[in-house]
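A, B, ... follow the sequence lines: proteins, then strands. Residue 1 opens every chain.
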Number of protein chains: 2
Amino acid sequence: MPAPLTEERNRLDRAALLDAAERLFYERGVQAVGMDEVRAVSALPLKRIYRFFPGKEDLVVAVLRRRDQRWRESLAAFVELVPDPRERVLAVFDWLADWFAEPGFRGCAWINAHGELGSSSEAVLAEVRSHKRAFREQLAEWVGATGAPVAEQVFLLVEGAIVTAGISGDPEPARHARAAAAALLGMP
Amino acid sequence: MPAPLTEERNRLDRAALLDAAERLFYERGVQAVGMDEVRAVSALPLKRIYRFFPGKEDLVVAVLRRRDQRWRESLAAFVELVPDPRERVLAVFDWLADWFAEPGFRGCAWINAHGELGSSSEAVLAEVRSHKRAFREQLAEWVGATGAPVAEQVFLLVEGAIVTAGISGDPEPARHARAAAAALLGMP
DNA sequence: ACGCGTTGAGAACGTGCGTTCTCCAATGAT
DNA sequence: ATCATTGGAGAACGCACGTTCTCAACGCGT
């Protein structure tokens with residue numbers, strides 16, 4: 001019964017591949033990273049990489065999709081510890097502040113991918129829009145629970161904060177966006 | 001005295017080159033456009049292009065710099081027609097709404113360039129930061145004139161609206177951001 | 001122990017990039 | 001008219017990419 005062993009190894013290697021690709025793509029951009037570098041960092045034969053994903057575009061999409069899961073789950077796990085609806089919305093910005101302060105933070109992976117590939121890869125564009133839609137709905141539920149009809153506005157603050165922190169390299173936008181969200185929620 | 005004629009032709013050709021490059025880079029991304037395509041669209045010999053700009057990176061920076069001038073001047077000309085300070089700030093979002101609705105709108109050229117080249121080109125990164133700083137200061141003056149200390153928050157709303165409109169292809173974020181700005185300015 | 005199908009490691013391939021070089025026509029001074 | 005110099009048009013170069021191919025080593029059923 002080597003079959004289960006093979007499957008287990010597949011799972012691990014696939015994860016290692018996505019780890020390597022995600023790190024490289026996020027740090028340096030998709031087009032600036034060659035498949036050979038992905039191979040070197042993942043320590044997987046090129047042949048096996050192309051068995052997992054038939055082309056680079058598929059790898060990019062898979063990276064974004066897995067990151068979407070992790071990113072939104074991590075955010076949800078953090079903010080849902082906060083019981084009060086309005087404080088819960090503000091906790092989103094506390095989570096952002098922690099994220100912005102992480103070493104190697106370089107803005108939103110989906111926005112970056114959109115700028116780089118949004119016009120040339122239909123699949124990447126769809127994945128970016130899917131992530132943004134999912135996050136927007138997630139956020140809209142939390143904001144909706146406060147009773148204030150400002151979900152879209154809070155979403156724009158989050159997006160602005162991520163982009164600005166990514167470009168400036170400064171986590172400060174999280175605090176300003178938090179203050180703005182508090183005002184919109186009627187918390188003086 | 002062919003010198004003045006030559007200079008005039010240089011000015012025109014340089015403008016045609018920047019026009020071609022700006023259109024191509026914005027529509028399809030910088031890395032997706034080859035210098036040969038810039039040559040074809042600008043109808044200039046490659047040799048002359050490389051006389052104007054020693055490398056593609058210099059061309060990219062020049063495109064961003066000229067666009068920054070045009071973009072901020074156009075915005076200022078629009079909003080400074082409005083005398084009332086608070087209405088003037090809201091006019092920024094009306095200008096954004098018009099921009100978002102233009103055919104071929106594909107988000108913020110500087111944010112896109114940052115996602116694509118921010119980690120590999122120091123010169124592009126500096127140009128992007130310079131544009132964002134200049135715009136932020138411009139906006140801070142207009143917001144400052146209202147007396148409300150919310151310049152940074154309004155800036156984040158603008159950035160969020162641009163990014164979101166660029167990804168979704170929908171100009172609606174301008175209206176939501178406008179409503180949020182009005183609330184922050186204390187306009188019920 | 002022994003074939004035999006599968007895998008790993010990396011060379012090879014075709015393509016397209018940014019950049020430079022070649023060559024010839026046009027121009028302007030003598 | 002001639003000749004030196006410039007500038008245009010595009011071929012050529014070197015390189016790096018995504019992808020595919022080669023071939024030796026290995027594992028497993030018999």
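Contact check for A/Glu22 versus A/Arg70: side-chain heavy atoms found under the 4.5 Å cut-off. Using a 4.5 Å heavy-atom cutoff, the side chains of A/Ser120 and A/Gln31 are not in contact.
Nucleotide D/dG7 holds its C1' atom 12 Å from the CG atom of B/Asp13, rounded to whole Å. Taking atom CD on A/Gln31 and atom C1' on C/dG18, their separation rounds to 15 Å, with Å as the unit. In this structure, B/Arg39 places its CZ atom 9 Å from P of D/dA9, rounding to the nearest Å. Rounded to whole Å, the distance from CE on B/Met35 to C1' on D/dC13 is 17 Å.
Ionic pairing of B/Asp68 and B/Arg72 is present here: one or more N-O contacts between side-chain nitrogen and carboxylate oxygen are shorter than 4.0 angstrom.
Using a 4.0 Å cut-off on heavy atoms, the residues of residues 45-67 of chain B that approach DNA chain C are B/Leu46, B/Lys47, B/Tyr50, B/Gly55, B/Lys56, listed by number.
Backbone-only contact: B/Val33 has heavy atoms under 4.0 Å from sugar-phosphate atoms and none from a base.
Separation of atoms CZ (A/Phe100) and CD1 (A/Ile162) is listed at 5.5 Å; rounding is to 0.5 Å.
Geometrically, A/Arg67 engages A/Tyr26 in a cation-pi contact, judged by NZ or CZ lying under 6.0 Å from the ring centre and within 45° of the ring axis.
When ring centroids are compared, B/Phe135 and B/Trp110 stay outside the 6.0 Å threshold.
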